[in-house]
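Encoded as structure tokens, the structure appears first; notes follow it.
All chains are named by letter (A, B, ...) in the order of the sequence lines, taking the proteins before the strands, and each is independently numbered beginning at 1.
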Number of protein chains: 2
Amino acid sequence: MLATETAETGHEAGSARRNAVLESALVLLVEGGERALTTAGVARAANCSKESLYKWFGDRDGLLAAMITFQASKVRAEPQPVGATGLPALRAQLVGIATNLLKVLSGDVSIALNRLAIGKARRDASDLGQLVLDHGRRPIETRLSTLLEAGRDAGLITFDATHEAYATLYGLVVRDMHVRLLLGEPKQPFSPAARAEQAVDQFLRLFGAEKTIGPARERTGSGSPNNAPDIP
Amino acid sequence: MLATETAETGHEAGSARRNAVLESALVLLVEGGERALTTAGVARAANCSKESLYKWFGDRDGLLAAMITFQASKVRAEPQPVGATGLPALRAQLVGIATNLLKVLSGDVSIALNRLAIGKARRDASDLGQLVLDHGRRPIETRLSTLLEAGRDAGLITFDATHEAYATLYGLVVRDMHVRLLLGEPKQPFSPAARAEQAVDQFLRLFGAEKTIGPARERTGSGSPNNAPDIP
DNA sequence: GACGTACCGTACCGTACGGTTCCGTTGCGA
DNA sequence: TCGCAACGGAACCGTACGGTACGGTACGTC
């Protein structure tokens, strides 16, 4: 499995042609689901031969794995500047990551790949689910964890276990939106930024150091409240 | 599709034999995934004929749908007694529902059925996902919502939009445990009751009416703190 | 200009699965 | 006892898909 993976060579593309094929496969998957992702279909959509597919990816599972790593390589988030300090800066950074997370998770390609991995989970040893977790969750967790620990070191927030704090923030941000989307519930329009701000504010009310949080009450219904300070 | 569903007749079982077949199918699905859930396999495991399968369920999709409603009919939560009032009672009821939710969501059958529905979901109306949402999420949401609104009416908690409060509580309780399990991450041992208590306490700190919450700080790392009053 | 490489397009094969049909048996009511 | 409905078991069919093999073509290299 995982015949010729991009991640091992590091860097960027396996080859331009290969990536074009993967892109076609992703399109096919997004608009047709796993049923549409046949080897013949991919070959037809990408104008390549099945023989090339098997030469490049070794296997259908190898193709699926390559699709996941390929998509992950496109979503690499830029390392945000860690310039300013203070609570407003921390809040702004958290909101930024949370907004990005919400946008990624509700993207069509992400949904399709997660559906694929979940549908095949536990069936094979070649676990696509682990691949998705490694390339999807782990980067987010490390980014958020380092940020949270920096905030704790700066005395802005307090918590014992980093993972607990991260998990709470994740829950506040994503709620059950992800599973609902995966189950096929039509995505209702919403503002990722507003949701992220709301969730981060809730998180800060739970984990903020004693007197850093300003007004006690916060209306949770309406979208973006006016108490958001601008990014410094 | 959905040829002969149990839910329409209300009550209980379609027939004893039918339910036994569905039970066999669930076992097959849990331990083999969708790949193992072939019509021939179900017939063999249940000692029935494929002809009977098609007579009872009309279709493979009908069988899948019947499995979902059948499983849902087994999980019907008992209507909890709404006797006592006051914050400790509210907290206890919330913790009870949250604990139950965590146990159900991490159950093998629930995981397998959710994987099945998600794997077959697409942007078009693939109904299994909707079925899972209707029989899984909606009951929880209505139970929690009525409870939350009762708490608000009693002046114990405050919120504008019920759905927002519900969603926040859901996120605090479940976090991303569900998706991780669906992706095949091995379930690590944890105490649903302790997690539920922690989440409900966090929720009450966010939505509790002004002076009803006692000590301000709360350690989030350790499991079940000693500040939990017994159920009245 | 011969050779090798990389690739496309397509035909082909084996298999597995959904769905159908047929037959034998059991059991129940008239 | 007869008839009939329900059911189990098994054979069968059509199709779709993963995987392979083969022929043909463009291109670079000696």
Side-chain angles (χ1 to χ4, degrees), chain A residues 1-4 6 9 13-25 28-29 31-68 112 115-117 119-120 123-126 128, chain B residues 1-4 6 9 13-25 27-29 31-68 112 115-117 119-120 122 126-128:
Chain A
M1 69 204 74
L2 260 175
T4 55
T6 10
T9 76
S15 84
R17 187 82 188 96
R18 234 187 73 133
N19 286 8
V21 170
L22 289 176
E23 195 61 56
S24 297
L28 221 55
L29 174 67
E31 50 190 37
E34 181 178 2
R35 283 306 290 240
L37 200 69
T38 70
T39 54
V42 172
R44 194 176 340 110
N47 284 329
C48 76
S49 70
K50 288 174 68 174
E51 193 172 15
S52 301
L53 283 185
Y54 285 98
K55 171 177 291 186
W56 291 331
F57 306 106
D59 205 348
R60 184 174 184 263
D61 286 346
L63 171 66
L64 305 184
M67 290 169 66
I68 291 177
R115 284 201 187 123
L116 181 66
K120 287 187 77 71
R123 297 213 299 241
D124 303 318
S126 73
L128 294 184
Chain B
M1 64 202 74
L2 258 173
T4 55
T6 9
T9 75
S15 84
R17 187 83 189 95
R18 236 186 72 132
N19 286 7
V21 169
L22 289 176
E23 195 60 55
S24 297
V27 171
L28 220 56
L29 175 67
E31 51 190 36
E34 180 179 3
R35 188 82 185 194
L37 200 69
T38 70
T39 55
V42 172
R44 192 175 342 108
N47 284 328
C48 75
S49 70
K50 288 173 68 175
E51 192 174 17
S52 302
L53 283 185
Y54 284 98
K55 170 176 292 187
W56 291 332
F57 307 106
D59 204 349
R60 184 173 186 264
D61 286 345
L63 171 65
L64 305 185
M67 289 168 67
I68 291 177
R115 286 205 185 117
L116 182 66
K120 288 188 79 70
R122 266 184 287 185
S126 188
D127 54 334
L128 284 187

Result for 5'-nearest mapping on DNA chain C, choosing between B/Arg60 and B/Glu51, is B/Arg60
> Looking only at side-chain N and O atoms, does A/Trp56 come under 4.0 Å of OP1 or OP2 in C/dC7?
Replying inline: yes
B/Leu63 CG to C/dG18 P, in whole Å, measures 10 Å
In this structure, CE of B/Met67 is separated from CD of B/Glu23 (nearest 0.5 Å) by 9.5 Å
Taken to the nearest whole Å, NZ/B/Lys50 to C1'/C/dG19 is 6 Å
CD1 (A/Ile68) and CG (A/Leu116) are apart, to the nearest 0.5 Å, by 6.0 Å
A/Tyr54 atom OH is separated from C/dC13 atom P, nearest whole Å, by 17 Å
Taken to the nearest whole Å, CZ/B/Arg44 to P/C/dG18 is 11 Å
Comparing nearest nucleotides in DNA chain D, the 5'-proximal residue of the pair A/Arg35, A/Ser49 is A/Arg35
So the contacted stretch of DNA chain D, first to last nucleotide with an atom under 4.0 Å from a non-hydrogen atom of chain B, runs from D/dC7 to D/dG9
Tell me if a side-chain donor or acceptor on B/Arg122 pairs with a main-chain N or O of A/Gly32 at a distance below 3.5 Å. yes
Walk me through it: do A/Leu37 and A/Arg60 pass the test side-chain contact (heavy atoms from CB on, under 4.5 Å)? CA-CA 9 Å; A/Leu37 200 69; A/Arg60 184 174 184 263; 4.2 Å; yes
- Step by step, would you call B/Arg17 with B/Cys48 a side-chain contact (heavy atoms from CB on, under 4.5 Å)? CA-CA 9 Å; B/Arg17 187 83 189 95; B/Cys48 75; 3.8 Å; yes
Exercise for review: Show the numbers, then the answer: is there a side-chain contact (heavy atoms from CB on, under 4.5 Å) between B/Leu22 and B/Leu63?
Suggested key: CA-CA 8 Å; B/Leu22 289 176; B/Leu63 171 65; 3.8 Å; yes
